[in-house]
Each structure stands twice: as C-alpha cells, then as structure tokens.
Amino acid sequence: GPGACSTDLRDRCGLQGVPLDALGAEAAASVLRECEGFLRMSTEELRAACSAVGAWPDIGRLSDELMISRLKQVAVWRAMPLPALQLDCKAMASEVVEAMAAEIGRPLTRDELQEALQVAAWGGLTRQQQLREACLEAGIPVERLESIDQAAALLEQLQSLQSKGVAELKSEYRRLGFAQAAGGSRAKLAAGLSEALIW
C-alpha cells in the first residue's frame, strides 16, 4: 500500500542522504532518481556532470565518491523550496551572496543562490568573477561600464571578432564609420576593432 511505498522512499532517501522532509515526497523522489543515477556513472561521466554544474577548482582531483557527494548536494539545492534555499545561503554563503548582489546590483535569482552555495562550499569563482577576469584579460575596463552585463556583451563582441575573416572585419570597420587602411592584416584589423569597441 501507500505506507509501504513511503517507508521505502524514506529508507532510500536516508541511504542517499536526501532530505525527504525538507523537499517533500515528489521532489525527494526526483532527487533520489538523480542520485541513484550518479552511482552508475563512470569517472569521466561524473567529471563532465560536475563541470556542467560548477566551475570547481579541484574537479580533476576529486574521487568518484566526492564528485557523487557534490552532485547529490547540488541536486538537493536545485529541488529545495526557495525559502529553504535562502536559509541555507544565510547559514553557509552569506558573504558570497552579499558580494554577488553588490556586483549585480539586484537580489540574486534561484540559480545564483545555488551558485553562491557551491562557491562557498567548494571554492572557485562565481560566474561574475570569471566574467570580470575574462574582461580584464581582454582589456575591457569593467569599472567604467554601467554593468557586468554590458561587459559580458562587449566580451562576446570581441570574441566574435577573433573568428571573422579580413573581408568581414573591413565591413565591420565601414559599419562603425571608421576609416581603415586597405592593406591591414587580419590581426591588425581585429586589434583595431577591439580597441574601437572598448573605447
């Protein structure tokens, strides 16, 4: 009957460390299926799954057990009701949440709260921090822009320049209204456009 099913679910959740009471039966059953799936994955599959959910600095050095443990925790955070997720953030990741909110200039989304928990628990950089570093490497003066989103758009434009051919780059110069030397090399054209976009 239904009692046996719920006892079975409670036992399986207990075995996998899935908080049945915090998640509710439906969400817990879904997380449980995910967790049981992790146990059947190869090391390479686990590493790929970890890379897909977080940019942890130590992924390459983690044992299968640790990767499974982290993937389970991420699955639980993903399934948590928002108030419970916010409580976990307050308890475990308040500094990361505050820094992210200050950087973004708005309250964090559910995905961003989960990201904050991962960074607080396992290290690494938030997406904003990764983006800021990539922008600085590309010479984009992040502090002079209105938002990190504007910096991201500019970085994307610069990266797309790197894949364009000479004819496309010359056309881009004309589109932006710049005079350009007809004999410029691809590298010089791309560098000139990059500089024009940044400044």
Salt bridge E115-R110, side-chain N to carboxylate O under 4.0 Å: no
In the single-linkage hydrophobic clustering (I, L, V, M, F, W, Y; side-chain heavy atoms under 4.5 Å), do L15 and V76 co-cluster? no
Is the closest basic N to carboxylate O distance between R47 and D64 below 4.0 Å? no
Flag yes if L87 and M92 sit in one hydrophobic cluster, no otherwise; membership is Ile, Leu, Val, Met, Phe, Trp, Tyr, and two members link when side-chain heavy atoms are under 4.5 Å apart. no
Nearest-0.5 Å distance that lies between atom CZ in R10 and atom CG in L32: 12.5 Å
Using a strict 4.0 Å threshold on nitrogen-to-oxygen distance, state whether E34 and K72 make a salt bridge. no
First locate atom OG of S69, then atom CH2 of W122, and finally report the distance between them rounded to the nearest 0.5 Å. 7.0 Å
Inter-residue atom distance M67.CE - E45.CD, 0.5 Å rounding: 10.5 Å
Contacts of type side-chain hydrogen bond (donor to acceptor under 3.5 Å, both in side chains), residue D111, not counting sequence neighbours: none
Name the residue from V18, L20, V74 that meets the side chain to side chain contact (heavy atoms under 4.5 Å, CB included) definition with V31. V18
Got a salt bridge between E36 and R12, using NZ or NE/NH1/NH2 to carboxylate O under 4.0 Å? yes
Starting at CG of L39, measure out to CD of E65 and round the result to the nearest 0.5 Å. 10.5 Å
So which atom in E112 and which in P107 form the shortest heavy-atom distance, rounded to 0.1 Å? OE1-O, 4.4 Å
In terms of heavy-atom contacts, V97 and A116 come closest through CG2-CB, 3.7 Å
Would you call L66 and D58 a side-chain contact if the rule is heavy atoms closer than 4.5 Å? no
Side chain E98, main chain E95, donor-acceptor under 3.5 Å: no
In the structure I gave you, are the side-chain heavy atoms of Q118 and W77 within less than 4.5 Å of one another anywhere? yes
Between D88 and Q114, is a side-chain contact (heavy atoms from CB on, under 4.5 Å) present by the stated rule, with each step listed? CA-CA 10 Å; D88 267 17; Q114 292 170 40; over 6 Å; no
For V53 and R78, the nearest pair of non-hydrogen atoms, with its separation, is CG1-NH2, 3.3 Å
Does I68 reach the side chain of Q73, with side-chain heavy atoms less than 4.5 Å apart? no
Nearest-0.5 Å distance, SG of residue C50 to CE of residue M41: 9.0 Å
